[in-house]
Colleague: 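Have a look at the structure that comes next, please.
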Amino acid sequence: MDFFVYIFLTFFFVIFPLSACLLFDKYRQFFTGSRMLLAIFLYSLLSWGVTNGVIYLRYLLDPMSLQGPEGVFALFFGWLYLWITSIPVFLVHLTVRVVNKKK
């Protein structure tokens, strides 16, 4: 069970934010105007779906593991998890872009 949680954390802290940064760099013309709102919505939907999926999958594997407040918080604020864990990667990406632009 711990292995499953570590995989989930790896995706949330590394894979998803780096993928978002690489997509932003490669397809910059797509992220303009109202399409940016669509990208934000899809990123939030991915966060909500993965967070709730992991919590309820863990519940299916061990019915006694689900805590009430944990499930409710994930249901209402699951979209926020990925944004919070992406902040360090986004800041490093922004720093690298600013430094490369000055050169």
Colleague: Would Ile84 and Phe76 show up in the same hydrophobic cluster when neighbours are defined by side-chain heavy atoms closer than 4.5 Å?
Modeller: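 Same cluster: Ile84 reaches Phe76 through Ile, Leu, Val, Met, Phe, Trp or Tyr contacts under 4.5 Å.
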Colleague: Kindly compute the distance separating OG (Ser47) from CG (Leu80), expressed to the nearest 0.5 Å.
Modeller: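 Spacing of OG (Ser47) from CG (Leu80) equals 7.5 Å.
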Colleague: Which class fits the ring pair Tyr56 and Tyr59: parallel under 30°, tilted 30 to 60°, perpendicular over 60°?
Modeller: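 It falls in the perpendicular class, over 60°.
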Colleague: When rounded to the nearest 0.5 angstrom, what is the spacing between CZ in Phe24 and CZ in Arg97?
Modeller: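 Atom-to-atom, Phe24:CZ and Arg97:CZ are 5.0 Å apart.
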Colleague: Pick from Leu9, Ile15, Thr10: which one makes a side chain to side chain contact (heavy atoms under 4.5 Å, CB included) with Phe13?
Modeller: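 Of the listed options, the one satisfying the test is Leu9.
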Colleague: Looking only at non-hydrogen atoms, find the nearest pair between Leu82 and Leu46 and report the distance.
Modeller: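 Smallest heavy-atom distance, with atoms named: CD2-CD2, 4.0 Å.
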Colleague: Do Phe11 and Ser19 have side-chain heavy atoms sitting under 4.5 Å apart?
Modeller: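 Counting from C-beta outward, Phe11 and Ser19 never come under 4.5 Å.
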Colleague: Quick check: closest heavy atoms across Phe12 and Thr85, and the distance to 0.1 Å?
Modeller: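 Heavy-atom minimum between the residues: O-OG1, 3.1 Å.
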Colleague: Please check if the side chain of Thr51 supplies one atom and the backbone of Trp48 the other of a donor-acceptor pair under 3.5 Å.
Modeller: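 No; judged by distance alone, with no hydrogens or angles, the pair does not exist.
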Colleague: Could you give the distance from CG (Leu22) to CG (Leu18), rounded to the nearest 0.5 Å?
Modeller: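 Between atom CG of Leu22 and atom CG of Leu18 there are 6.5 Å.
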Colleague: Knowing that exactly one of Trp79, Phe16, Trp83, Phe31 qualifies, which makes a ring pair (Phe, Tyr, Trp, His ring centres under 6.0 Å) with Tyr43?
Modeller: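 Exactly one pass, corresponding to Trp83.
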Colleague: With rounding to the nearest 0.5 angstrom, report the CG to CZ distance, Leu38 to Phe41.
Modeller: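 One finds 8.0 Å between CG of Leu38 and CZ of Phe41.
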